[in-house]
Protein chains: 2
Amino acid sequence: MREIAIQKLTSSGLKKTEIRIQLLSFLLDKKNAISQPELEKMFKSISDRVTIYRALSAFEEKGIIHKIMDPHGTARYAVCSEGNCSDHQHSDEHIHFHCTSCDETTCLEEMVVPELKIPSKYSVQKINLNIEGVCERCNG
Amino acid sequence: MREIAIQKLTSSGLKKTEIRIQLLSFLLDKKNAISQPELEKMFKSISDRVTIYRALSAFEEKGIIHKIMDPHGTARYAVCSEGNCSDHQHSDEHIHFHCTSCDETTCLEEMVVPELKIPSKYSVQKINLNIEGVCERCNG
DNA sequence: TTAAGTGCAAAATCTTTGCAAATGT
DNA sequence: ACATTTGCAAAGATTTTGCACTTAA
């Protein structure tokens, strides 16, 4: 995933620093949306909290990752699926599943947000669909 | 709304203190989900921040209100529609609309979350559907 | 009277900002 | 060389906790 990370950084015009490469590689490996605190713990040996904040904002601005708020109000980050996102324009219209047992958030990329008949007085920019429940592993 | 507030407090076994009555009346008057900071400003003359936190948690635990996280990760609170919620069991399966212009969050009580075919390996407890866009007033 | 609710002060978190030093292009 | 990125320290903001005082039941 390191190569893909490097490639994404390059095509976004970001510098390929070791920390950013590792951070992005890590996110690319996961199918889950990782919380800021988790990333912080994970990388605290090689980096500092503030650097992670800034890296994540940079990634998000460039449309490399998207941020979702989990039910606790904790920010979580996941790599955008290919070609869906661009600078400041995220069409991450897939569904997120949050497990109340293990507290993990999974992107259900396969599932699509169903058609909604929204009153025409509203103009819609983005739809977030979040399911809470218990995941396969915890149900086991 | 004061009467309804008092009634809800009574039937939840909460004390009918002036602050809680006013706080709950205020939420009952609004069709919108109000943020903690807003409530804080609104009531800062008669109450203190911590009291509001605690009142809101109490209301939420009793199923009087529900909490939703807006796109900024700010907690917002709205009264549950009649009979939908109970202690620790919120079935607020309606849709929330967040306006990116005025930053208000509205409960679209009329709209229902559509049927979703969720892989059976997941057990679903709650579905959150959040739409971001521009509301009628701001579109005007 | 006594359990629940309040206020104030203080801790614990989480997020942002400024600036000098380090790093990639 | 120059623009980004990093780290550290410090400011801001938000949420939680402890405890003595007050209030509703």
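- Using a 4.5 Å cut-off on side-chain heavy atoms (C-beta onward), B:Ile118 and A:Met111 make contact.
- Running 5' to 3' along DNA chain C, contacts with non-hydrogen atoms of chain B at under 4.0 Å begin and end at C:dA3 to C:dA9.
- Within the 4.5 Å cutoff, no side-chain heavy atoms of A:Ile64 are placed close to those of A:Leu27.
- A salt bridge (charged side-chain N to carboxylate O under 4.0 Å, His left out) with A:Glu38 is found for exactly one of A:Arg76, A:Lys30, A:Lys44, namely A:Arg76.
- Listed by residue number, the members of residues 11-19 of chain A with any heavy atom below 4.0 angstrom from DNA chain D are A:Leu14, A:Lys15, A:Thr17, A:Ile19.
- The ring-ring contact (aromatic ring centres under 6.0 Å, His included) contacts involving residues 98-132 of chain B comprise A:Phe97-B:Tyr122, B:His72-B:His98, where partners must be two or more places apart or lie in separate chains.
- One finds a salt bridge joining A:Glu18 and A:Arg2 here, because a Lys/Arg side-chain nitrogen approaches an Asp/Glu carboxylate oxygen to under 4.0 Å.
- A:Glu61 has its CD atom 12 Å from the P atom of D:dT4, to the nearest Å.
- Counting to the nearest Å, the C1' atom of D:dA13 and the CD atom of B:Glu38 are 17 Å from each other.
- Listed for the A:Ser12 side chain is a donor-acceptor partner under 3.5 Å among the backbone atoms of A:Lys8.
- Rounded to 10 degrees, the angle separating the terminal axes of the helix from C:dT1-D:dA25 to C:dT25-D:dA1 is 30°, with each axis obtained from five end pairs.
- At the heavy-atom level, B:Arg54 lies under 4.0 Å from base atoms of the strands shown.
- Between A:Met1 and A:Ile4, some side-chain heavy-atom pair lies under the 4.5 Å cut-off.
- Separating the CD atom of B:Gln22 from the P atom of D:dA24 is a distance of 13 Å, rounded to the nearest angstrom.
- One atom, CD1 of B:Ile52, and another, C1' of D:dT17, lie 18 Å apart when rounded to the nearest Å.
- Formation of a donor-acceptor pair under 3.5 Å by the A:Thr74 side chain with backbone atoms of A:Asp70 is not found in this model.
- In this structure, B:Ser123 OG and A:Ile131 CD1 are separated by 11.0 Å, a value rounded to the nearest 0.5 Å.
- With contacts defined as side-chain heavy-atom distances shorter than 4.5 Å, the pair B:Cys99/B:Thr106 does not qualify.
- Between B:Val134 and B:Thr100 there is a side-chain heavy-atom pair separated by less than 4.5 Å.
- Using a 4.0 Å cut-off on heavy atoms, the residues of residues 39-50 of chain B that approach DNA chain C are B:Ile46, B:Ser47, B:Asp48, B:Val50, listed by number.
- To the nearest 0.5 angstrom, B:Leu24 atom CG is 10.0 Å from B:Asp29 atom CG.
- Residue pairs meeting the ring-ring contact (aromatic ring centres under 6.0 Å, His included) criterion with at least one member in residues 25-46 of chain B, sequence neighbours excluded, are B:Phe26-B:Phe43.
- Computed from coordinates, the A:Tyr53 OH to D:dG12 P distance equals 17 Å when rounded to whole Å.
- Following rounding to the nearest Å, A:Lys62 (NZ) and D:dT5 (P) show an atom-to-atom distance of 8 Å.
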